[in-house]
Amino acid sequence: MTKAIHRWHAPGNIVAMVCAVILTACSNPKQSPDSGESLNQEVVTSNNAQVEKIEVPGIQNFSRIKGLAGFGGVTQPSAMNKLKELGYTSVLNLSLNSEPGVDIAAERSAAETAGMKYIHLPFDAANPDSQQVENFIAAVVDKANQPVYIYSHSARLPGTLWMIKRVLTDGLNIDLARTEAEAIGMAGQNANLFAINYIR
């Protein structure tokens with residue numbers, strides 16, 4: 001029991017413990033053209049930022065915040081041209097190479113052929129560390145990568161890391177950042193706990 005308590009209070013291990021539970025449970029566009037995107041559109045407002053959910057062929061659970069970023073779950077190589085049409089400069093993939101259905105080489109090739117920068121920052125839920133989150137934030141705030149589309153095998157992870165970024169770099173209130181992240185796809189108490197513990 002004493003060892004467990006010590007592990008819980010060790011900052012590096014909080015991230016590892018909570019993030020492992022998250023994935024176990026889961027198993028700026030500058031100005032986007034906004035053409036042909038009327039299917040099943042849903043808008044959630046968070047502190048003047050609007051999370052729009054629209055259908056994009058080849059992308060599961062696509063959403064975006066105009067002027068900031070786009071988000072999604074499984075993203076097929078065939079969707080890269082559409083992402084370029086929507087105004088994205090880069091795509092950031094958080095998926096692990098080992099996840100079923102992930103084809104990093106095909107996704108990279110399709111993104112680069114479409115004229116976008118491809119960034120692969122695999123987020124390892126089994127052995128996460130603070131550097132993974134820091135690398136994510138650094139990539140997202142880099143103006144050379146904006147506007148960026150962020151995705152992973154599960155749409156929940158982009159929302160969780162986005163919540164951390166919004167509080168730490170944009171100064172957004174935690175409750176507002178949570179509302180935004182949940183609209184993007186973050187779900188469950190464990191994801192919320194992970195984000196809050198990292199922020200603290």
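Nothing here was measured: the structure is a model prediction, and the numbers come from that model.
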What closest approach, in Å, do [X] and [Y] show between heavy atoms, and which atom pair accounts for it?
X	Y	answer
R156	A187	NE-CB, 4.1 Å
G159	A181	O-CB, 3.2 Å
P57	A79	O-CB, 3.5 Å
P158	G72	CG-O, 3.8 Å
A111	V91	CB-CG2, 3.8 Å

Side chain of [X], backbone of [Y]: donor and acceptor closer than 3.5 Å?
X	Y	value
S63	E52	no
H153	L96	no
K84	T113	no
H120	S95	yes
S90	N145	yes
D142	A138	no

Would you say the side chain of [Y] lies within less than 4.5 Å of the side chain of [X], judging by non-hydrogen atoms?
X	Y	answer
L161	L94	yes
F194	V133	yes
F136	K165	yes
V140	I150	yes
I65	Q50	no
S130	Y198	yes
I59	L83	yes
I174	M163	yes

Note to self: My understanding is that only residues two or more places apart in sequence, or in another chain, count here; which of them pass salt bridge (charged side-chain N to carboxylate O under 4.0 Å, His left out) with D103?
What the structure shows: none
Margin query: Please enumerate all residues that pass salt bridge (charged side-chain N to carboxylate O under 4.0 Å, His left out) together with R108, with sequence neighbours excluded.
Written below: none
Item checked: side-chain contact (heavy atoms from CB on, under 4.5 Å) between V56 and L86, intermediate numbers included -> CA-CA 10 Å; V56 175; L86 290 172; 4.3 Å; yes
Check: Could you go step by step and tell me if I196 and R178 meet the side-chain contact (heavy atoms from CB on, under 4.5 Å) rule?
Finding: CA-CA 9 Å; I196 289 175; R178 182 189 299 110; 3.3 Å; yes
Next item on the list: Classify the side-chain pair Q146/Y88 by whether it contains a donor and acceptor separated by less than 3.5 Å.
Entry: no
Note to self: Between T89 and Y149, do the side chains contain a donor N or O and an acceptor N or O under 3.5 Å apart?
What the structure shows: no
How long is the straight-line distance from [atom2] of [Y] back to [atom1] of [X], given to the nearest 0.5 Å?
X	Y	atom1	atom2	result
N192	N197	CG	CG	9.5 Å
T75	N93	OG1	CG	7.5 Å
E99	S152	CD	OG	7.0 Å
K117	E112	NZ	CD	10.5 Å

Check: Do I119 and I164 share a hydrophobic cluster (ILVMFWY, side-chain heavy atoms under 4.5 Å, transitive)?
Finding: yes
Check: Are V74 and V102 joined in one hydrophobic group, where the rule is that I, L, V, M, F, W and Y side chains link up if heavy atoms are under 4.5 Å apart?
Finding: no
Notebook entry, point to check: For R166 and L68, what are the C-alpha separation, side-chain angles and deciding distance, and is it a side-chain contact (heavy atoms from CB on, under 4.5 Å)?
Noted result: CA-CA 11 Å; R166 289 288 270 161; L68 293 180; 3.7 Å; yes
Note to self: Quick check on Q189: does its CD atom have over 12 non-hydrogen neighbours (other residues, nucleotides or ligands) under 6.0 Å away?
What the structure shows: no
Margin query: Can you pull out every ring-ring contact (aromatic ring centres under 6.0 Å, His included) where at least one residue sits in residues 161-189? Sequence neighbours excluded, please.
Written below: F71-W162
Next item on the list: Check the pair L121 / L92 against side-chain contact (heavy atoms from CB on, under 4.5 Å), numbers first and verdict last.
Entry: CA-CA 7 Å; L121 295 178; L92 193 164; 4.1 Å; yes
